[in-house]
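Sequence lines set the chain letters: A, B, ... in the order given, protein chains first and strands last, and positions in each chain run from 1. Predicted model, so just to flag it, every value in this text is computed and none were measured.
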Amino acid sequence: MQKPSIPKGTRDFTPLEMANRNYIFNTIKEVFRLYGFQQIETPAMENLSTLMGKYGEEGDKLLFKILNSGDYLASIDEQELTQRNSSKLTTKISEKGLRYDLTVPFARFVVQNRDKITFPFKRYQIQPVWRADRPQKGRYREFYQCDVDVVGSDSLLNELELIQIVDEVYRRLKINVCLKINNRKILSGIAEIIGQADKIIDITVAIDKMDKIGLEKVNEEIASKGISAVAIDKLQPILCLSGSNADKLNSLKSILAQSEIGLKGVEELEVILGLCERMNVQTRIELDLTLARGLNYYTGAIFEVKALDVEIGSITGGGRYDNLTGVFGMPGVSGVGISFGADRIYDVLNQLDLYPATRSEQTQLLFVCFGQEELNYCLPWLAVLRSKGVNVEVYPEPSKMKKQMSYADDKKIPFVAIVGESEMNQNKIMLKDMKSGMQEMKSMEELIEFMLLK
RNA sequence: GUGAUUAUAGCUCAGUCGGUUAGAGCGUCGGAUUGUGGUUCCGAAGGUCGCGGGUUCGAGCCCCGUUUUUCACCCCA
């Protein structure tokens, strides 16, 4: 017999775990709706042509590809097979892939459904994504993202609302977080003034590692990408910027005086931070120039949220992308969005044990089963209770009392109805409170009233 | 892709120097207790020691290969 197992980097969730996860999803959804976002879904799989090339070279490698159905080698000639060129062969035997994130499928959705949507379009989407990464702490191959995006509006008000959503979600979940913010335009400006505009990706990837590997190693990495020592010298004051957000922005204004795009970035951040202050956003917001984010479609503000009390990667991230729909043939549509990493939030909540006590999902009342006659008597009671919205179940077979009571106990069902000859004669049931152990005879009307109060 | 690490009962883990029949706790099932759960006590079931090879009189333990787990790097939620 084979040992049962699931693929690496995936997880099962028990009923208790699902109740906890639904608490997260429901909290996030409620906040999204407060800001006028509406839900959509897209397929788990997309055409590979939709996904390829959107996440950089690394991202392409991390896509799960789906083998074509049927005789997928039929159209491959002998020569191609013997060449053993995997990447070339892949395009012929695989035309579909599992989605890598929700943003790119969303961009595809917008272009494909443009006749059905009105701009600005505010959508949220809560679905799993798949990445062929090596799993490790806080990193899975299948995980849920909760995305909110607005497309078709350049207004920085959208950035404010996304920050307010972050603020509200983590306030409700009781997780202490720090929101890091930066702007890709500032990073571009920096690359521009040191005369290395084309190396912007290399530079941002390197400085993103600032707090991980330190200044010296970052400089080494930048140098290894073929950037001159003079340019690296010019980078130093920027990397070592400190003080309040306002201080940093002021310093940047003089450093980036010669870069139009850089100044634009500074100005955008000033507006966003000003709005946050006016709206009294509680979450600590930190301008962090080392925040670059890997996904290369961002063009404006970029965000990342870190939990303060748990050692885990970022739990939320996002930013503005000016032309994501362009690759699907719809230029000039700007979007901004963020993604809550539900699985990491779940890990954080588990570690800090921050779940509320109430669990509305569970059964509220169990009918004990003595035999066929008693069962026939109970079934109409169950139907009535259910029609009133009470979660109720009956033990499906006449097992020993002990076993049935243990079942209620394990499942944390707060009340048990016991029905035998004397109860049936009186047209009542015996209701037992599992917590106190007290029990009392109740008529149908009394029982309904009692259960609805609970 | 690179470097470590792990694997023994359903789960978590012991297992001495290589030596008789591989243990514990939890869980499951049964009993003490046939209309009353949690606590307690008693009992039972449950193992190809990841897999394949090698060394040895003898391997859970040593060697080689392989798979798997976890962690770090890369990248990311």
Pick the C1' atom in B:A32 and in B:G18, then give their distance to the nearest Å.
45 Å
Mind checking if A:Asp133 touches a base, just sugar-phosphate, or nothing, with heavy atoms under 4.0 Å?
base
When the distance from CG of A:Asp60 to P of B:C76 is rounded to whole Å, what number comes out?
13 Å
A:Arg344 (side chain) and B:C76 (base): donor-acceptor pair under 3.5 Å:
yes
Would A:Phe143 count as stacked on B:A77 if the rule is ring centres under 5.5 Å and plane angle under 30°?
yes
OP1 or OP2 of B:U70 versus the side-chain N and O atoms of A:Gln136: is any pair under 4.0 Å?
no
Looking at the side chain of A:Ser422, which of B:C75, B:A77, B:G35 is the nearest nucleotide?
B:G35
Regarding A:Phe340, tell me which of base, sugar-phosphate or nothing describes its non-hydrogen contacts under 4.0 Å with the strands shown.
nothing
Are A:Gln372 and A:Asn376 close enough that a side-chain donor and a side-chain acceptor fall under 3.5 Å?
yes
Rounding to the closest angstrom, what is the interatomic distance between B:A59 and B:G54 at atom C1'?
11 Å
To the nearest angstrom, the NZ-P distance between A:Lys400 and B:C29 comes to 11 Å
A:Arg21 atom CZ is separated from B:A77 atom P, nearest whole Å, by 17 Å
Distance between the P atoms of B:U66 and B:G3, in whole angstroms?
13 Å
Return whichever of A:Gln145 or A:Lys137 has its heavy-atom-nearest nucleotide of RNA chain B closer to the 5' end.
A:Lys137
Same-atom distance (C1') from B:A4 to B:A45, integer angstrom:
40 Å
Is the phosphate of B:U69 approached by A:Lys8 (side-chain N or O, under 4.0 Å from OP1 or OP2)?
yes
Can you tabulate the close N/O pairs, meaning under 3.5 Å, that link protein atoms to atoms of nucleotides 36-43 of chain B?
| from | atom 1 | to | atom 2 | distance (Å) |
| --- | --- | --- | --- | --- |
| B:U36 | O2 | A:Lys432 | NZ | 2.8 |
| B:U36 | N3 | A:Gln439 | OE1 | 2.9 |
| B:U36 | O4 | A:Gln439 | NE2 | 2.7 |
| B:G37 | O2' | A:Asp409 | OD2 | 3.4 |
| B:G37 | N1 | A:Met434 | O | 2.3 |
| B:G37 | N2 | A:Asp409 | OD1 | 2.9 |
| B:G37 | N2 | A:Met434 | O | 2.8 |
| B:G37 | N3 | A:Asp409 | OD1 | 3.2 |
| B:G38 | O4' | A:Asp409 | OD2 | 2.9 |

In whole angstroms, how far is the P atom of B:U69 from the CZ atom of A:Arg139?
16 Å
Does the structure place the NZ or CZ of A:Lys442 under 6.0 Å from the centre of the six-membered ring of A:Phe450, at an angle of no more than 45° from the ring's axis?
yes
On the 0 to 90° scale, with breaks at 30° and 60°, tag the A:Tyr170-A:Phe340 ring pair as parallel, tilted or perpendicular.
tilted
Considering only side-chain heavy atoms of A:Arg134, which listed nucleotide, B:G1, B:U28, B:C75, is closest?
B:G1
Side-chain donor-acceptor pair under 3.5 Å between A:Arg344 and A:Tyr140, yes or no?
no
Distance in angstrom units between A:Arg131 CZ and B:C76 C1', rounded:
6 Å
Please identify each residue that fulfils side-chain hydrogen bond (donor to acceptor under 3.5 Å, both in side chains) with A:Thr14, with sequence neighbours left out.
A:Glu17
Could you grab the distance from atom CG of A:Leu156 to atom CG of A:Leu275, nearest 0.5 Å is fine?
7.5 Å
When the C1' atoms of B:C61 and B:A22 are compared, how many Å lie between them, rounded to an integer?
12 Å
Only one of A:Val111, A:Val151, A:Asp147 passes side chain to side chain contact (heavy atoms under 4.5 Å, CB included) with A:Phe106; say which it is.
A:Val151
Contact class for A:Glu421 vs. all strands (heavy atom < 4.0 Å): base, sugar-phosphate, or nothing?
base
Looking for any heavy atom pair under 4.0 Å, which part of the strands does A:Gly138 touch: base, sugar-phosphate only, or nothing?
base
Mind telling me whether A:Phe121 and A:Phe109 have parallel, tilted or perpendicular rings, with 30° and 60° as the class edges?
parallel
Across the strands shown, which category fits A:Gly313 at heavy-atom distances under 4.0 angstrom: base, sugar-phosphate, nothing?
nothing
Span that lies between the C1' atom of B:C41 and that of B:C17, in whole angstrom
40 Å
What integer number of Å spans the P atoms of B:C11 and B:C76?
36 Å
Looking only at the side chains, is there a donor atom on one of A:Asn182 and A:Tyr298 sitting less than 3.5 Å from an acceptor on the other?
no
Nearest-Å distance for atom pair CZ/C1', residues A:Phe64 and B:C75
15 Å
The answer to which of A:Ser339 and A:Gly9 contacts RNA chain B further toward the 5' end, by nearest nucleotide, is A:Gly9
Spacing of A:Leu62 atom CG relative to B:C74 atom C1', expressed in whole Å
10 Å
Separation between the P atoms of B:G19 and B:C63, rounded to whole Å
15 Å
Tell me the interatomic distance from A:Tyr407, atom OH, to B:U28, atom C1', rounded to whole angstroms.
17 Å
